[in-house]
Amino acid sequence: MTSPFDVSPELLAWDGDVPRARRLQSELAARVRLHDDDGPEPHRVAGVDVGFEEGGAITRAAAVLLDAATMQPLAEVVARLPTRMPYIPGLLSFRELPAVLAALAQLPHVPDLILVDGHGVAHPRGLGIAAHLGVITGLPTIGVAKKILVGTHDAIGPSRGERAPLMHRGRMIGTALRSKDGILPLIVSPGHRVSHATAVERVLACGRGYKLPEPTRLADRLASRRDRRPL
DNA sequence: GCGACAG
DNA sequence: ATCTTGTCGC
């Protein structure tokens with residue numbers, strides 16, 4: 001049984017060459033599928049997020065597996081790896097995916113869908129971290145970001161569920177979605193094997209009253225909690 | 001050349 | 001992302 005998270009290193013290799021990394025992104029972006037699979041609804045959904053320790057020297061990725069129907073957590077895992085590169089806008093996935101893959105590989109089941117903290121195709125070259133993860137694993141993914149990297153959108157109504165398309169170079173690359181009344185909108189974009197409409201639908205379906213959908217909200221909590229200092 | 005710039 | 005206490009609002 002080969003795990004989908006056991007990917008070829010060349011698909012996310014970082015050697016300090018920015019132009020080369022960008023070329024790889026463009027190549028992989030051509031493999032992104034923005035269509036829904038026909039078949040049953042996802043049974044298990046995972047949420048992933050990354051945090052840092054030791055002043056950034058250690059990258060800590062957290063993955064949480066949940067029952068898609070109830071949003072009850074089934075498993076929570078964490079992976080720590082030495083940080084290999086700095087944050088470079090547009091190249092986030094090269095910095096964070098190694099740890100994310102290590103965390104996902106520890107889950108007891110392969111998820112039917114993965115929600116990632118970051119962008120999907122709402123990226124300069126169409127390959128944000130969610131799209132990159134989807135293409136190299138072959139699994140359906142959705143990007144859920146808190147800020148725009150590229151693109152613009154019109155004003156959005158104040159109620160949960162209201163939205164506006166995120167446009168870039170005349171193309172829709174994502175959706176600015178009000179996930180909670182009166183709160184700044186989330187930026188939702190397909191990562192792989194999901195349409196724009198379904199990406200938004202799934203994020204709303206995973207909502208439990210908070211700004212972030214449950215999968216990434218729980219992963220966020222695991223990835224960035226400074227160890228509780230009990231007395 | 002001057003900003004903008006996921007996490 | 002991370003460094004950090006209190007404070008405003010539901």
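Residue numbering restarts at 1 for every chain, and letters A, B, ... go by the order of the sequence lines.
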A.B. asks: Rounded to whole angstrom units, what separation is found between the CZ atom of A:Phe52 and the P atom of C:dA1?
C.D. replies: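 So the two atoms are 9 Å apart, to the nearest Å.
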A.B. asks: Taking NZ from A:Lys211 and C1' from C:dC10, how many angstroms apart are they, rounded to a whole number?
C.D. replies: 17 Å
A.B. asks: Look at all strands and tell whether A:Ile129 reaches a base, only sugar-phosphate, or nothing, counting heavy atoms closer than 4.0 Å.
C.D. replies: base
A.B. asks: In whole Å, I'd like the distance from the CG atom of A:Asp181 to the C1' atom of C:dG9.
C.D. replies: 15 Å
A.B. asks: Ion pair present between A:Arg202 and A:Glu41, side-chain N to carboxylate O less than 4.0 angstrom?
C.D. replies: yes
A.B. asks: Return yes if a side-chain donor-acceptor contact under 3.5 Å exists between A:Ser195 and A:Asp36, otherwise no.
C.D. replies: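 Their side chains do contain a donor-acceptor pair, which is all the 3.5 Å distance test asks for.
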A.B. asks: Determine, answering yes or no, if A:Tyr87 is stacked on C:dA1 under the 5.5 Å centre rule and the 30° plane rule.
C.D. replies: no
A.B. asks: Please state how far atom CZ in A:Arg226 lies from atom C1' in C:dT4, giving the value in whole angstrom units.
C.D. replies: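 Atom CZ in A:Arg226 sits about 7 Å away from atom C1' in C:dT4.
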A.B. asks: Categorize A:Leu91 for me: base, sugar-phosphate, or nothing, with a 4.0 angstrom heavy-atom threshold over every strand shown.
C.D. replies: base
A.B. asks: Let's test your reading of the pairing rules: Watson-Crick or G-U wobble, both distances under 3.5 Å, then write DNA chain C as a dot-bracket string with ( ), [ ], | and dots.
C.D. replies: ..........
A.B. asks: Over how many whole Å does the gap from A:His123 atom NE2 to B:dG7 atom P extend?
C.D. replies: 13 Å
A.B. asks: Whole-Å distance between C:dA1 P and A:Leu222 CG?
C.D. replies: 15 Å
A.B. asks: Rounded to whole angstroms, how far apart are CG on A:Leu177 and C1' on B:dA6?
C.D. replies: 17 Å
A.B. asks: Once you round it to whole Å, what is the distance between P of B:dG7 and CD1 of A:Ile148?
C.D. replies: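 Answer to the nearest Å: 11 Å.
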A.B. asks: Of the listed nucleotides (B:dC5, C:dT2, B:dG7), which one gets closest to any side-chain atom of A:Leu92?
C.D. replies: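 Given the options B:dC5, C:dT2, B:dG7, the side chain of A:Leu92 is closest to B:dG7.
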A.B. asks: Taking only Lys NZ, Arg NE, NH1 and NH2, and the carboxylate oxygens of Asp or Glu, determine whether A:Glu162 and A:Arg178 approach each other closer than 4.0 Å.
C.D. replies: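 Salt bridge between A:Glu162 and A:Arg178, a charged N being under 4.0 Å from a carboxylate O: no.
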A.B. asks: Testing A:Leu101, A:Leu133, A:Leu97 one by one against A:Val7 for a side-chain contact (heavy atoms from CB on, under 4.5 Å), which residue passes?
C.D. replies: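 It is A:Leu101; the other options fail the test.
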A.B. asks: Salt bridge check, A:Asp117 against A:Lys146: does any charged N sit closer than 4.0 Å to a carboxylate O?
C.D. replies: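 Judged by the 4.0 Å cut-off on N to carboxylate O distance, A:Lys146 and A:Asp117 do form a salt bridge.
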A.B. asks: Base, sugar-phosphate alone, or nothing: which one does A:Gly56 contact when heavy atoms must sit under 4.0 Å apart?
C.D. replies: nothing
A.B. asks: Between A:Lys147 and B:dA4, does any side-chain N or O lie under 4.0 Å from OP1 or OP2?
C.D. replies: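 So the side chain of A:Lys147 is outside the cut-off, no N or O lying under 4.0 Å from OP1 or OP2 of B:dA4.
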A.B. asks: Check whether any side-chain N or O of A:Lys146 sits under 4.0 Å from OP1 or OP2 of B:dG7, and answer yes or no.
C.D. replies: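 Yes, within the criterion.
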A.B. asks: Scan A:Gly51 against the nucleic acid and name what it touches under 4.0 Å (heavy atoms): base, sugar-phosphate only, or nothing.
C.D. replies: sugar-phosphate
A.B. asks: On the 0 to 90° scale, with breaks at 30° and 60°, tag the A:Trp14-A:Phe94 ring pair as parallel, tilted or perpendicular.
C.D. replies: tilted
A.B. asks: Write down the atom of A:Ala103, the atom of A:Ala63, and the distance for their closest heavy-atom approach.
C.D. replies: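 Closest approach of A:Ala103 to A:Ala63: CB-CB, 4.1 Å.
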